[in-house]
Amino acid sequence: MKIASFNINGIKARIETLPAWLDEADPDVVLLQEIKSVDENFPREIFEDRGFTVETHGQKGFNGVAILSKLPLEDVTRGLPGNNDDTQARYIEATVIGTRPVRLCGLYLPNGNPAPGPKYDYKLAWLHRLHARANDLLALEEPFLMGGDFNVIPQDEDAKYPGAWSDDALALPQSRAAFRRMLHLGLTDAFRARTQGPGHYTFWDYQGGAWNRNNGIRIDHMLLSPHCADLLTDCQIDSAVRGGDKPSDHVPIWVTLDA
DNA sequence: ATGTCACTTTAGAAGTGA
């Protein structure tokens, strides 16, 4: 089973390039972030025509997540537990039924800038709620995957110019510590389980010729529960997508699981 | 830091979020 995550930065803006990537990469499941669309306006037919089931959790103007799946989905839930006052559409869960079921958590973590400030407080609170959700799922001792745009640069080696990010919400010590606490629960960073060393990025800013200078950061991640990590056979970043026509500022990351 | 992009309100440019 091939499961991808892709922050598309607007479904309307990616109406040509997203289907083109789907046809080429042929994932079974895709976790989408920043669809920037309400559910009613999401162009589901484009994906249903390709054999995908479509589950959205949209919002007007910004945020919004979705799951596309060629395999059956069960028990879809929307929103990250832990704060009923949180109106931002950043989280969706579903169980995909392959040769064995895997619980999928698609997430778009708050950016958090400027830090310090209320936006950073919201980011840290959101990370705390995500940690709690992971802890609850771990108790079930079943395979699950948390994938998406975490807006966290885990280590200096995950940025071309780490010094430029030292005061940024994506790299502040509290952000990194919260991400590490997820790993300390026993979750596996799928990309780092397969590939070590610097120079691997999932985001290049539109500004400053970042792509041409390879001024990137690794902020899109796939965290696997222990039972899911046992099924991991590959994890790759489709970085070439950033150099294509009308690209998102993020590129897809995907895993293959023996499931 | 910035050689940008996508969205909204609202009908042209400005604000916002990233």
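Between the P atom of B/dC7 and the CD1 atom of A/Ile11 lies a distance of 10 Å, rounded to the nearest Å. Taking atom CG of residue A/Asp168 and atom C1' of nucleotide B/dT2, one finds them 14 Å apart after rounding to whole Å. Nucleotide B/dC7 holds its P atom 9 Å from the CD1 atom of A/Ile8, rounded to whole Å.
With sequence neighbours excluded, the residues that form a side-chain contact (heavy atoms from CB on, under 4.5 Å) with A/Ala259 are A/Met1, A/Thr99, A/Arg100, A/Val102, A/Leu231, A/Leu257. The ring-ring contact (aromatic ring centres under 6.0 Å, His included) search around A/Trp165 returns none, not counting sequence neighbours. Checked against side-chain contact (heavy atoms from CB on, under 4.5 Å), A/Asp234 has the following partners two or more places apart in sequence or in another chain: A/Arg194, A/Gln236, A/Trp254, A/Thr256. Considering only residues two or more places apart in sequence or on other chains, A/Asn215 meets the side chain to side chain donor-acceptor pair (under 3.5 Å) condition with none of them.
Comparing A/Ile35 and A/Asn215, the nucleotide of DNA chain B nearest to each residue sits closer to the 5' end for A/Asn215.
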Along nucleotides 13-18 of chain B, 5' to 3', which nucleotides get a B, which get an S, and which get a -, given that the test is a protein heavy-atom distance under 4.0 Å? ----SS

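A close approach under 4.0 Å does not occur between any side-chain nitrogen or oxygen of A/Lys12 and OP1 or OP2 of B/dC5.
Separation of the P atoms belonging to B/dG12 and B/dG17 is 25 Å when rounded to the nearest angstrom. On the P atoms, B/dC5 is 26 Å away from B/dT10, given to the nearest whole Å.
Distance from the side chain of A/Trp165 is smallest to B/dA1 among B/dT9, B/dA6, B/dA1.
Within the structure, the ring-ring contact (aromatic ring centres under 6.0 Å, His included) test picks out the following pairs touching residues 43-74 of chain A (sequence neighbours left out): A/Phe42-A/Phe47.
Atom CG of A/Asn84 has 12 or fewer heavy atoms from other residues, nucleotides or ligands within 6.0 Å.
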